[in-house]
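Here the structure is a predicted model, which is why all the values come from computation and not from measurement.
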Amino acid sequence: MQWMVWTLPTALVFAGLAVLLAGMAIWGHLSPPVARRGFLRMETDRGDRLYIGLLTAAAVLALWIAVTDLSMWLALACAVLAALVVLIWG
Amino acid sequence: MSETVAGGAAVAGERVGPGGVAASPAPEEAAARPADPRPKNNRAWFLVLPVVVSVAFTAVIPLMTVVNFSVQDIFSPSDRIFVGLEWFRSVTRDPEVRSAFVRTLLFSAQVLLIEIPLGVALALAMPKRGLGVPAALVVMALPLLIPWNVVGTIWQIFARGDIGLGGWLINNVLGINFNYTLDRADAWITVLVMDVWHWTPLVALLAYAGLRSIPGPYFQAAQIDGASAWATFRHIQLPRLRGVLTIAILLRFMDSFMIFTEPFVVTGGGPGNATSFLSILLSKIAVGQFDLGPAGAFSLLYFLIVQIACYVFFTVLTRAGR
């Protein structure tokens, strides 16, 4: 594992993603996802919306770091908010 | 004519088929039959395991490593410093990266603006019956069968002013001073024309398939109404090509946005940085300079853009009919 040059923050991010995916799998097993239509104007279930939400969050973070020097914590808050909006109303 | 009608019937049948099969018997069956009490056997999932393992080793683990690279300044595996998001900041604000991004977008836009109309025009001009059909199909398919690096080599020689047929003709017959190794515009035009030569046939073949699936009666009705060739194209053929053209646009966008081999072989990104697209700049940073941190951050941002475009591509393709 030495060659993968792990750091604590990246390990935490990947652990978080793994927990998120496992959580979604268990949730999907307990109550199967139902597709519906939201402001994205296409049929999505919660897995689709999670994926779109994660992509949106990543795009927000990338644009933020490209254009402003404001705190990245603020960017993270905006990204999480954008992901939640997609997850709930998408 | 019979060919057209048969094709039309097949298309019509296809359209009725899945809808009918999926819509009518399913609810009745569901109502008549109680839920299956037997436990579901999911053991077939184990058959997917080899793919999961190989993808993990070839894609997921390397990607995780790239993420680790992107937040560190690495001198050796034991000598490295955590720098947080600094590389992302420097890469997104690097004028060279930004200009490569604009250049790549511009190249993709030009590719689409030329290849899509040209492909449709070629498809319209291709013979509709007789021996010409297989001949045209084979000729159109030839450039698609040539490997990328060979296409690059062909054009590298073809466009040369001294020994290349194309370059020699432009210089000596047309009298235009053309040298893609020295002139930025000439290099750009060479790469663009090469891409048009290589990939317009894909658009043409897709459009041809789309045109062939339009039922004959549409054209008969247009003829009876006295529609001009342009009106027939605008109101019958073009709307029916919507699906295949969506696929063509997205395929060509993705491919031209990630173009690497052909310009790398022909111009190597030069002269100066005239044809230095995102992929060429990335390989220069990652492999040439061995700057793993900035290259990692650059890769992830590039990956994000491609990922978003891919998702749009996938969504449009799979949900187009719904």
Side-chain angles (χ1 to χ4, degrees), chain A residues 1-18 21-22 25-26 28-29 32 35-38 40-45 47-76 79 82-83 86 90, chain B residues 40 42 45 56-57 60-95 97-98 101 292-293 296-298 300-312 314-316 318-322:
Chain A
M1 294 298 269
Q2 172 82 352
W3 65 273
M4 283 184 79
V5 291
W6 280 104
T7 65
L8 183 66
T10 50
L12 286 177
V13 166
F14 280 115
L17 275 178
L21 288 181
I26 294 167
H29 191 73
R36 62 162 173 75
R37 224 171 251 268
L40 294 170
R41 298 166 64 110
M42 61 179 188
E43 236 172 58
T44 52
D45 62 29
D48 297 325
R49 288 196 297 278
L50 176 70
Y51 180 69
I52 299 170
L54 287 177
L55 281 186
T56 312
V60 167
L61 289 173
L63 284 176
W64 189 285
I65 206 165
V67 297
T68 166
D69 282 322
L70 290 173
S71 164
M72 283 311 285
W73 292 109
L74 203 58
L76 187 65
V86 171
Chain B
K40 274 192 191 147
N42 279 333
W45 281 106
F57 274 96
V60 179
I61 291 175
L63 188 68
M64 288 165 111
T65 314
V66 169
V67 173
N68 292 339
F69 286 165
S70 71
V71 294
Q72 300 179 79
D73 199 357
I74 301 171
F75 305 100
S76 75
S78 56
D79 188 10
R80 52 199 168 92
I81 305 161
F82 181 76
V83 295
L85 297 170
E86 260 330 291
W87 294 132
F88 288 90
R89 200 180 302 275
S90 67
V91 162
T92 50
R93 293 167 187 205
D94 183 351
V97 175
R98 286 189 173 186
F101 178 67
L292 294 179
F298 191 160
L300 291 177
L301 292 168
Y302 200 1
F303 180 60
L304 177 66
I305 298 170
V306 171
Q307 182 83 208
I308 291 172
C310 264
Y311 186 70
V312 171
F314 174 78
T315 309
V316 170
T318 52
R319 293 170 206 250
R322 285 189 237 164

Structural part of R89(B) lying under 4.5 Å from a heavy atom of chain A: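 Its backbone and side chain both get close to chain A.
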Contact origin within V71(B) toward chain A - heavy atom pairs under 4.5 Å: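 Only the side chain of V71(B) comes within 4.5 Å of chain A.
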Heavy atoms, side chains only, cut-off 4.5 Å: are F14(A) and V60(B) in contact?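 No. Closest side-chain heavy atoms not under 4.5 Å.
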Are any of the side-chain heavy atoms of L61(A) and F88(B) separated by less than 4.5 Å?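 No, their side chains stay 4.5 Å or more apart.
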What closest approach, in Å, do L304(B) and A58(A) show between heavy atoms, and which atom pair accounts for it?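 Here L304(B) and A58(A) meet closest at CD1-CB, 3.5 Å.
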Heavy-atom closest pair, residues A62(A) and T92(B):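 Smallest interatomic distance, heavy atoms only, reads O-CG2, 4.4 Å.
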Tell me, with the steps shown, if T10(A) and Q72(B) meet side-chain contact (heavy atoms from CB on, under 4.5 Å). CA-CA 11 Å; T10(A) 50; Q72(B) 300 179 79; 5.9 Å; no
Do other residues, nucleotides or ligands put more than 12 heavy atoms under 6.0 Å from the CH2 atom of W3(A)?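 Yes - once you tally the heavy atoms of other residues, nucleotides and ligands closer than 6.0 Å, there are more than 12.
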Approximate separation, where rounding is to 0.5 Å, of [X] [atom1] and [Y] [atom2]:
X	Y	atom1	atom2	answer
M4(A)	T65(B)	CE	OG1	3.5 Å
I52(A)	Y311(B)	CD1	OH	3.5 Å
E86(B)	I65(A)	CD	CD1	7.5 Å

Taking L85(B), L301(B), I305(B) one by one, which has the highest count of heavy-atom pairs under 4.5 Å against chain A?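 So the answer, after comparing L85(B), L301(B), I305(B), is L85(B).
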Check whether A11(A) gets within reach of chain B through its side chain, its backbone, both or neither, counting any heavy atom under 4.5 Å.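 Contact with chain B: none, neither part.
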Under a 4.5 Å heavy-atom cutoff, which of V13(A), D69(A), L8(A) has the most pairs with chain B?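 Heavy-atom pair counts peak at D69(A).
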